[in-house]
Amino acid sequence: MLPDADAAISRDGTSLILAYDHGLEHGPVDFAPNPETADPERVFDLATHDAVTALAVGKGVAEAYYPSYDDDVALLAKLNGTSDLWMGEPNSAVNWSVDYAAELGADAVGFTLYGGSNHEVEMAEEFREAQEDAREHGLGVVMWSYPRGQGLKNDTSPETIAYAARLGLELGADVAKVKYPGSTEAMARAVRMAGPTKVVMSGGSKADDRSFLESVAGATAGGAKGLAVGRNVFQRENPVEILDALEALLFEDASVDEALEHTSTVPADD
Ligand code: FBP
C-alpha cells in the first residue's frame, strides 16, 4: 500500500466506486430490474454524478465507451472477472494487462482475489504481477477481497471479513473492497486489520433505501472509507436519487434520515 495511491479515485480520502462489471460476473439478469442499464452509456452517464469517484468496468466496456467519458469519469479498470456460467471452484480470468488499462486511460486497477479458493495461489500470483505493474504506472490498486470456495460459501462472518481486509494489506492493495460483515464493530475490526489499506464496503444485492443507507452508515462509522456499489444504484428506478443520498451521507455528514430526504422513501417518525 502506498500513501495517497487512491487519490485519483477518491474525494477527501473517501471513495464512491460505481461497479458495473455485472454483465460479466452475473450476466444480463442483473439488468432486468432496470432494463435501460444494459446499455453501458446509461451507467457511464450516471458515473458523471458528482458523488461518483470512479467507475469500475471490464476491458470491452472500457474500450467501447471510456473514450467518450475520459474527461468526466475516473476509470477503475477491473482486470479480472469470470462469468456466472463457470461452475468450478471460484477463479477469475485476467482479461487485460495493466499496460493496456493504462493505455486506455485507467486511473486505478481492480482485481478480485478469492481467498480460500483452490485457485487462491494462482490468483495471488496474478495479483502480484498486476500490483507491481500498477506501481510502475503510478496507478492505485483495489482488491475485491472475497473469501470463498471449498467449504467457505460467500462467508460474511466478522472473522472472515477481517481476514479479507487483512489480505488487502498483506498483498499490497491500496483499497480492499469487502462485504459488509453486519455491524459497525465488525467493520471496525476489519478496518483495524487492514492498517493503512483503506477498506470500502461492497454494495451487495438490492435492498430498500433505508436498509442500504443504514449499512453504508454502519460501515463508515466503523472506519470504512466509502463503498463500491453496483446493483443498489443501477437496479433502482431512480439511480440519481440514491446517488444524491450517498453523496449527502458520505461527503456532507448527513444522517441516514437526512440522506433519505433525497429519495422517495418517507423518513420514519421520531
Ligand atoms: P454490487 O454492489 O452489485 O454487489 O457489486 C459489487 C460487486 O463486487 C461487483 O463488482 C461484482 O460484479 C459483484 O459484486 C460480484 O458479486 P458476487 O461475486 O458476490 O456475486
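As a basis for the values below, the full set of heavy atoms in this structure was taken, side chains included, without hydrogen atoms, waters or symmetry mates. Since the structure is predicted, the reported quantities are computational estimates derived from the model, not experimental observations. Just so you know, ligand 1 is whichever comes first in the structure, and atom 1 is the first atom listed for that ligand.
Near E25, with a cut-off below 4.0 Å to any heavy atom, the atoms of ligand 1 are 12 (O). In the vicinity of W144, heavy-atom distances shorter than 4.0 Å reach the ligand 1 atoms 8 (O), 9 (C), 10 (O). Which parts of ligand 1 touch S202 is read off a 4.0 Å heavy-atom cut-off, strictly below it: atoms 6 (C), 8 (O). Counting the atoms of ligand 1 from 1 in the order shown, those under 4.0 Å from a heavy atom of V229 are 2 (O). Atom numbering of ligand 1 starts at 1 in the shown order; those under 4.0 Å from a heavy atom of G204 are 1 (P), 2 (O), 3 (O), 4 (O).
By the criterion of a heavy-atom distance under 4.0 Å, the side chain of K179, and not its backbone, is placed next to ligand 1. Proximity of R231 to ligand 1, defined as any heavy-atom pair under 4.0 Å, is shared by backbone and side chain alike. Residue-level proximity to ligand 1 for K206 is absent, since no heavy atom of it falls below 4.0 angstrom.
At least one side-chain heavy atom of L246 sits under 4.5 Å from a side-chain heavy atom of V233. Considering only heavy atoms from C-beta on, D174 comes within 4.5 Å of L2 through its side chain. For the pair R11/D50, a side-chain contact is recorded, criterion being any heavy-atom separation below 4.5 Å from C-beta on. Here the side chains of L46 and L243 are in contact, with some heavy-atom distance below 4.5 Å.
Under a 4.0 angstrom heavy-atom cut-off, K177 registers as being in contact with ligand 1. In this structure, Y146 has a heavy atom closer than 4.0 Å to ligand 1.
For the ring pair (Phe, Tyr, Trp, His ring centres under 6.0 Å) test with F44, the passing option among Y20, F234, Y69 is Y69; the others fail.
Among the atoms of A19, none of the N or O lies under 3.5 angstrom from an N or O of ligand 1. Looking at D21 next to ligand 1, an N or O pair under 3.5 Å apart turns up. Considering backbone and side-chain N/O atoms, Y114 never comes within less than 3.5 Å of an N/O atom of ligand 1. Annotation: G230 places an N or O atom under 3.5 Å from an N or O atom of ligand 1; distance criterion only.
In this view, R192 satisfies the salt bridge (Lys or Arg N to Asp or Glu O under 4.0 Å) rule with no residue, not counting sequence neighbours.
Side chains of K177 and S202: a donor-acceptor N/O pair is present below 3.5 angstrom, by distance only.
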message: If you apply the rule side-chain hydrogen bond (donor to acceptor under 3.5 Å, both in side chains), what do you find for S211 with D208, and how did you get there?
response: CA-CA 6 Å; S211 331; D208 65 73; 2.7 Å; yes

Please table the atom pairs, donor to acceptor, closer than 3.5 Å between any side-chain atom in residues 109-119 and protein atoms at least two apart or in another chain.
| unit_1 | atom_1 | unit_2 | atom_2 | d |
| --- | --- | --- | --- | --- |
| T112 | OG1 | K78 | NZ | 2.8 |
| S117 | OG | P90 | O | 2.5 |
| S117 | OG | H119 | N | 2.9 |
| N118 | OD1 | Q150 | NE2 | 3.1 |
| H119 | ND1 | N91 | ND2 | 3.4 |
| H119 | ND1 | E122 | OE1 | 3.3 |
| H119 | ND1 | E122 | OE2 | 3.4 |

